[in-house]
Amino acid sequence: MTLAPEKTDVKVQLRLADGWFTVCDLTLLTPGRGVAALLPDGNQAALFLDRAGKLYAVDNRDPFGGAAVLSRGLTGSQQGRPFVASPLLKQRFDLESGQCLDDETVRITAYEVRAS
């Protein structure tokens, strides 16, 4: 027996300087995997949905390697802090604050995100 996928109108939105920006349907996110989204200013955000259903969004650009690859990183947690590890040099970035967990002088943008 095949079950029909659940349809939903729930959208993922990021808070930008001029208000909320709709990025995609929530159904496009898979827990534990990232998705890159193009923002109106030409930058990219990396979106994540954890297994508990919490959304995160950070800058997709790895500040150490310069490539837009954080959406392809591995997610995990350290002492209760959710992070994404860059697929390039493996630096870890806190998904809530953007703080690099391996170099306290480095931080990426962390976006306020919601499902609406």
Look at the side-chain heavy atoms of Ile, Leu, Val, Met, Phe, Trp and Tyr, link any pair under 4.5 Å apart, and say whether V69 and F83 land in one connected group.
no

Report yes if some heavy atom in the side chain of F48 is under 4.5 Å from a heavy atom in the side chain of L95; otherwise report no.
yes

Checking T30 now: which residues fulfil side chain to side chain donor-acceptor pair (under 3.5 Å) with it, not counting sequence neighbours?
none

Under the side-chain hydrogen bond (donor to acceptor under 3.5 Å, both in side chains) rule, what do D25 and T27 come out as? Steps first, then yes or no, please.
CA-CA 5 Å; D25 289 332; T27 57; 4.6 Å; no

Could you state whether L89 and L101 fall into the same hydrophobic cluster, counting links through intermediate Ile, Leu, Val, Met, Phe, Trp or Tyr residues with side-chain heavy atoms under 4.5 angstrom apart?
no

Counterpart residues, side chain to side chain contact (heavy atoms under 4.5 Å, CB included), relative to K54 (two or more places apart)
D50, Y56, E96

Taking C-beta and beyond as the side chain, do P82 and T75 meet within less than 4.5 Å on heavy atoms?
no

Residues forming a side chain to side chain donor-acceptor pair (under 3.5 Å) with R61, sequence neighbours excluded:
none

Using distance only, find each side-chain donor-acceptor pair of residues 33-41 under 3.5 Å and give its atom names and separation, not counting sequence neighbours.
residue, atom, partner, partner atom, Å
D41, OD1, N43, N, 2.9
D41, OD1, N43, ND2, 3.4
D41, OD2, N43, ND2, 3.0

For Q79, give me all partners under side chain to side chain donor-acceptor pair (under 3.5 Å), at least two apart in sequence or on another chain.
none

If Ile, Leu, Val, Met, Phe, Trp and Tyr residues are connected whenever their side-chain heavy atoms lie under 4.5 Å apart, and connections chain through other members, are V10 and V12 in the same group?
yes

Determine whether more than 12 heavy atoms belonging to other residues, nucleotides or ligands lie under 6.0 Å from atom CD of E104.
no

Solution key, residues 108-116 side-chain donor-acceptor pairs under 3.5 Å, sequence neighbours excluded:
residue, atom, partner, partner atom, Å
E112, OE1, R15, NE, 3.0
R114, NE, Q13, OE1, 2.7
R114, NH2, Q13, OE1, 2.9

